Amino acid sequence: MFVGDEALASERIAETLARSRGLAYGDGVFETMRAHRGAIHWWPAHWARAACGAERLGIALPNRARVEAERDALLHEAPDGVVKWTLLRGAGARGYAPDPQAPPLWLLSAHPAPPPPSRDLRLRWCETRLAAQPRLAGIKHCNRLEQVLARAEWTRLDADEAACDDGLMRDADGRAIAATSANLFVYRDGGWRTPPVERCGIAGVCRGWAIDALGAHEAELSVEAVESADAIVLCNAVRGILPIARLGEVRWPSLHPAVSEALRRLAAAHPAFADNDDNAQ
């Protein structure tokens, strides 16, 4: 862990975390990135989103060269998998008021890569709704309690109901926004659509790539618009594009040509997802 850009001694880490506003209030941002052969292909986009989130929250960015040096050292030890970078406002006294002089805390960690995506991914609708908060919308801040509550919904169900891979979340007005851990795209009327994230939701890095690469448009999506789509996919920077076979009782029994094309384009754009191109065959 680093305070500003100075590494903490191990005996000070627990004490610093205990006083961290990130631990107390979720006062920070984080990036979860796919590492492949010692590199993070979308690193510039991840840094830009973290910088946007830090500016929105008023957190000072650490020195980029120092972060990248530590990133490279971590990738040397763990060249493939997932890298998480967490940036917190820093330690402070009890209470909500931030200390403008407190140096930020940041840390990098490495994790195993997820398994390759299945061809039979299943979704369900979540009861937990996403609250509208434009000042936090789009950024990947550390308060993910809505997603935690949504993800916990189907752990309490029976085996058949619980046999799903993710859940779709709606806003307070019932419009589809995203899955608990991925952005949502639907293919209908000859084009790709994805919900806007100006009121709630996350502006995902893979989402940004897909909007440009697939010519997708932002559009509000009702439950009916999602369920009647020709195809739906999820996407995130760790797992790429995930074709969906079932949403509740609605089924998409075969891979739509538009999904196959999206998988091929992602495989060409990002080397970590080249193996996923097998799903496009």
Side-chain angles (χ1 to χ4, degrees), residues 1-10 12-35 40 42-71 73-74 82-111 130-151 169 178 180-183 197-208 236-238:
M1 176 178 283
F2 297 81
V3 176
D5 296 307
E6 298 298 322
L8 282 179
S10 58
R12 290 187 57 204
I13 289 178
E15 175 189 352
T16 303
L17 277 175
R19 298 176 56 238
S20 166
R21 291 179 59 87
L23 178 63
Y25 309 122
D27 192 358
V29 296
F30 69 101
E31 294 292 324
T32 310
M33 304 166 281
R34 185 63 179 263
I40 296 172
W42 280 336
W43 170 257
H46 283 290
W47 178 271
R49 184 174 61 175
C52 176
E55 181 179 17
R56 192 93 61 86
L57 296 180
I59 299 174
L61 274 177
N63 179 270
R64 180 167 179 169
R66 180 60 186 271
V67 175
E68 291 177 344
E70 296 299 328
R71 174 206 64 189
L74 184 66
V82 177
V83 171
K84 183 175 182 179
W85 177 42
T86 305
L87 173 64
L88 307 174
R89 187 183 303 275
R94 192 190 68 80
Y96 291 139
D99 178 358
Q101 305 303 318
L105 304 175
W106 60 274
L107 63 153
L108 288 157
S109 58
H111 310 270
L130 290 167
Q133 177 46 269
R135 291 194 66 181
L136 297 177
I139 67 174
K140 199 164 186 179
H141 57 80
C142 291
N143 186 340
R144 297 287 115 200
L145 285 176
E146 292 169 327
Q147 287 77 11
V148 170
L149 291 173
R151 181 59 186 86
M169 301 185 70
T180 65
S181 57
N183 287 113
V197 292
E198 282 78 20
R199 298 173 70 248
C200 56
I202 297 174
V205 166
C206 190
R207 176 185 183 272
N236 66 29
V238 169

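Model, not experiment: these values are computed from the prediction. Quick note: residue numbers are just sequence positions, from 1. Only this structure's heavy atoms are used, side chains among them; waters, hydrogens and symmetry mates stay out.
- The backbone N or O of N143 lies less than 3.5 Å from no partner atom in the side chain of Y25, so there is not a single donor-acceptor pair.
- The distance from atom CG of L105 to atom OG of S20, rounded to the nearest 0.5 Å, is 5.0 Å.
- Residues L149 and M169 fail the side-chain proximity criterion, which asks for heavy atoms closer than 4.5 Å.
- Rounding to the nearest 0.5 angstrom, the gap separating the CH2 atom in W106 from the CG atom in N63 is 8.5 Å.
- A pairwise comparison of heavy atoms in I202 and R207 identifies O-CD, 4.1 Å as the closest pair.
- Minimum heavy-atom separation, Q147 to L130: NE2-CD2, 3.8 Å.
- The nearest pair of heavy atoms linking C142 to L88 is SG-CD2, 3.9 Å.
- The NE2 atom of H141 sits 11.5 Å away from the CD1 atom of I59 when rounded to the nearest 0.5 Å.
- Nearest heavy atoms, D27 versus R21: OD2-NE, 2.8 Å.
- V29 is linked by a side chain to side chain contact (heavy atoms under 4.5 Å, CB included) to L57, L87, counting only residues two or more places apart in sequence or in another chain.
- Within the model, atoms CZ of R71 and CH2 of W47 stand 9.5 Å from one another, a figure rounded to the nearest 0.5 Å.
- Put simply, the side chain of N236 gets close to the backbone of S181: a donor and an acceptor are under 3.5 Å apart.
- Residues T180 and E146 fail the side-chain proximity criterion, which asks for heavy atoms closer than 4.5 Å.
- Sorted by first then second residue, the salt bridge (Lys or Arg N to Asp or Glu O under 4.0 Å) pairs that include residues 48-64, not counting sequence neighbours, are E31-R49, R64-E68.
- Side-chain contact check for N183 versus C206: every heavy-atom pair is 4.5 Å or farther apart.
- Of the inter-residue distances, the one linking I139 atom CD1 with F30 atom CZ reads 10.5 Å to the nearest 0.5 angstrom.
- R34 contributes atom CZ, which lies 10.5 Å from atom CH2 of W42 (distance to the nearest 0.5 angstrom).
- Taking all atoms of both residues into account, the shortest heavy-atom contact from C200 to A137 is N-CB, 3.5 Å.
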